[in-house]
Amino acid sequence: MTTARDLLEETASQTAGPFVHIGCIPTFAGVEGVFPEDLGLSPIRDDAKGERLTIRGAIFDGTGWPLRDAMLESWQADAAGLFPGQEGADPGVGGFCRFAADRETGEFTLKTVRPGRVALRDGRMQAPHISLWIVARGINTGLQTRIYFEDEDNTADPLLSRIEQRPRVQTLIAKRTGAGEFRFDIRLQGEGETVFLDL
Amino acid sequence: MTDAPLMPRRRELHPVAHDPDYKTSVTRSPNLPLLSMESTPSEETGPRFGHSLIGALDNNLILNFSRGTAPAIGERIRIFGRVLDETGRPVPETLVEIWQANAGGRYRHVKDTYFAPLDPNFGGCGRTLTDAEGRYEFLTIRPGAYPWPNRANDWRPMHVHFSVFGHAFGQRLITQMYFEGDPLIERCPIVHTVRDRGQIDRLVASLDLQNSRAMDFLAYRFDIVLRGRRQTMFENRPEGM
Ligand SMILES: [Fe+3]
């Protein structure tokens with residue numbers, strides 16, 4: 001068995017910097033022709049099962065100014081709550097998406113399917129959610145958070161239940177703005193600071 | 001083993017979020033503590049990418065922008081190493097992406113307005129999959145140091161940005177590799193957001209003459225460690241018991 005002393009230390013994170021797009025979504029960054037297309041353009045194919053969702057939002061710094069250089073990644077289960085690679089998972093759902101804040105406005109858009117519920121190891125069910133990872137200049141270690149949905153029953157979700165200050169739960173819940181449309185804003189610090197995760 | 005919980009991240013090995021010497025971090029760092037919990041399937045699973053994704057020149061930044069027709073300008077180097085997890089096991093078949101400035105210290109990006117010229121034959125990005133033993137390599141040019149707006153006269157040491165996936169979304173890591181002997185490393189506020197000296201030293205790739213090729217390129221070795229998975233036998237009942 002491995003003891004604590006035998007363990008290697010995880011490589012330290014460093015900020016992705018302002019030009020993360022060159023490495024991760026080069027076509028978006030204007031570096032064209034190196035790869036046929038950017039990785040993670042969509043988390044779904046046309047034949048994916050489930051309700052189509054469009055989630056829009058922006059990431060605000062501590063002064064209330066939207067980040068224009070952030071890159072986001074999302075990871076989610078299919079409509080039945082299965083992750084890609086698991087037995088029976090929907091082949092139409094890749095589950096992974098990369099997207100960026102707009103260079104002028106800071107707005108981002110994620111088009112996907114509504115994920116199903118996913119069980120924990122102990123059998124408790126998690127409410128439907130999409131995992132998010134956010135990197136940008138000034139963010140020294142990528143920030144993890146989750147998008148939950150206003151129109152789901154989130155009451156028994158194990159993660160949301162751990163948030164002591166109940167009003168903060170709302171920072172993880174996307175608000176319905178229309179049929180299949182949601183708004184999810186992220187606040188890096190200050191009033192309404194989003195709950196960021198360490199798991 | 002693949003669905004075992006991830007080891008908790010040892011935050012003291014990572015940069016502080018808020019560092020006044022790196023000014024942008026002041027308004028972009030959470031003030032409140034992170035919410036900690038054992039990893040769930042959402043963090044224990046992650047996207048996988050196959051060999052069909054990778055083109056023949058993808059890990060050759062000297063040639064991939066001109067599609068093999070004209071080499072980029074600069075000192076030719078090979079960057080290589082292994083991707084391991086905390087338990088020392090190799091992480092095979094995982095995507096490694098890099099990006100960097102050209103030999104003059106200029107990025108191919110509309111927001112980079114530094115005086116150094118663009119190189120018409122350098123794009124600045126590359127990617128590869130690790131092999132069965134977690135090994136990867138890139139052929140590129142040594143990036144130039146460049147000034148950046150922070151304190152009045154801050155310069156970034158020569159560096160290559162790395163993005164690594166691992167096999168779980170919770171292993172996701174972006175970092176930077178520096179070059180042995182660069183005097184700007186000690187003066188860089190971004191480097192020093194990491195407080196642990198050993199952790200900084202592990203971001204500095206060492207010159208490896210053994211793996212260089214005479215009359216062609218120098219080699220720099222950079223190993224990357226991702227979060228590991230816990231051994232579940234002692235903490236959780238095995239499945240079905
Ligand atoms: Fe850089």
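By convention in this document, chain letters (A, B, ...) are assigned in the order of the sequence lines, proteins followed by strands, and residues within each chain are numbered from 1.
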Exercise for the section: Indicate the atoms forming the closest heavy-atom contact of B:R28 with A:A136, along with that distance. Expected result: NH1-CB, 3.9 Å
Exercise for the section: Give, as side chain, backbone, both or neither, the part of B:F162 having an atom under 4.5 angstrom from any heavy atom of chain A. Expected result: neither
Handout entry: Which portion of B:P8 sits near chain A, non-hydrogen atoms under 4.5 angstrom
Key = neither
Problem - Salt-bridge criterion met for A:E9 and B:R202 (N-O under 4.0 Å) - result: yes
Practice task
Using non-hydrogen atoms and a 4.5 Å limit, figure out which bit of B:I200 sits close to chain A: side chain, backbone, both or neither.
Solution key: neither
Practice task
Return the orientation label for the B:Y146 and B:Y107 ring planes: parallel under 30°, perpendicular over 60°, tilted otherwise.
Solution key: perpendicular
Problem - Which atoms of A:D122 approach chain B - backbone, side chain, both or neither, heavy atom under 4.5 Å - result: neither
Problem - Ring centroid separation A:F99 to A:F28 under 6.0 Å - result: no
Problem - Salt bridge B:R227-B:E86, side-chain N to carboxylate O under 4.0 Å - result: no
Practice task
Working to the nearest 0.5 Å, report the span between CG of A:N154 and CZ of A:F149.
Solution key: 9.5 Å
Practice task
Answer with side chain, backbone, both or neither: which region of B:S36 has an atom nearer than 4.5 Å to a non-hydrogen atom of chain A?
Solution key: both
Practice task
Output the option from A:L159, A:T63, A:V118 having the highest count of non-hydrogen pairs under 4.5 Å with chain B.
Solution key: A:L159
Practice task
Counting only heavy atoms closer than 4.5 Å, note whether B:L61 contacts chain A via side chain, backbone, both or neither.
Solution key: neither
Problem - Structural part of B:V164 lying under 4.5 Å from a heavy atom of chain A - result: neither
Exercise for the section: Would you mind checking which part of B:Y178 comes under 4.5 Å of any heavy atom in chain A, side chain (CB onward), backbone (N, CA, C, O), both or neither? Expected result: side chain
Exercise for the section: Pick out which of A:F96, A:W133, A:W75 makes a ring pair (Phe, Tyr, Trp, His ring centres under 6.0 Å) with B:F165. Expected result: A:F96
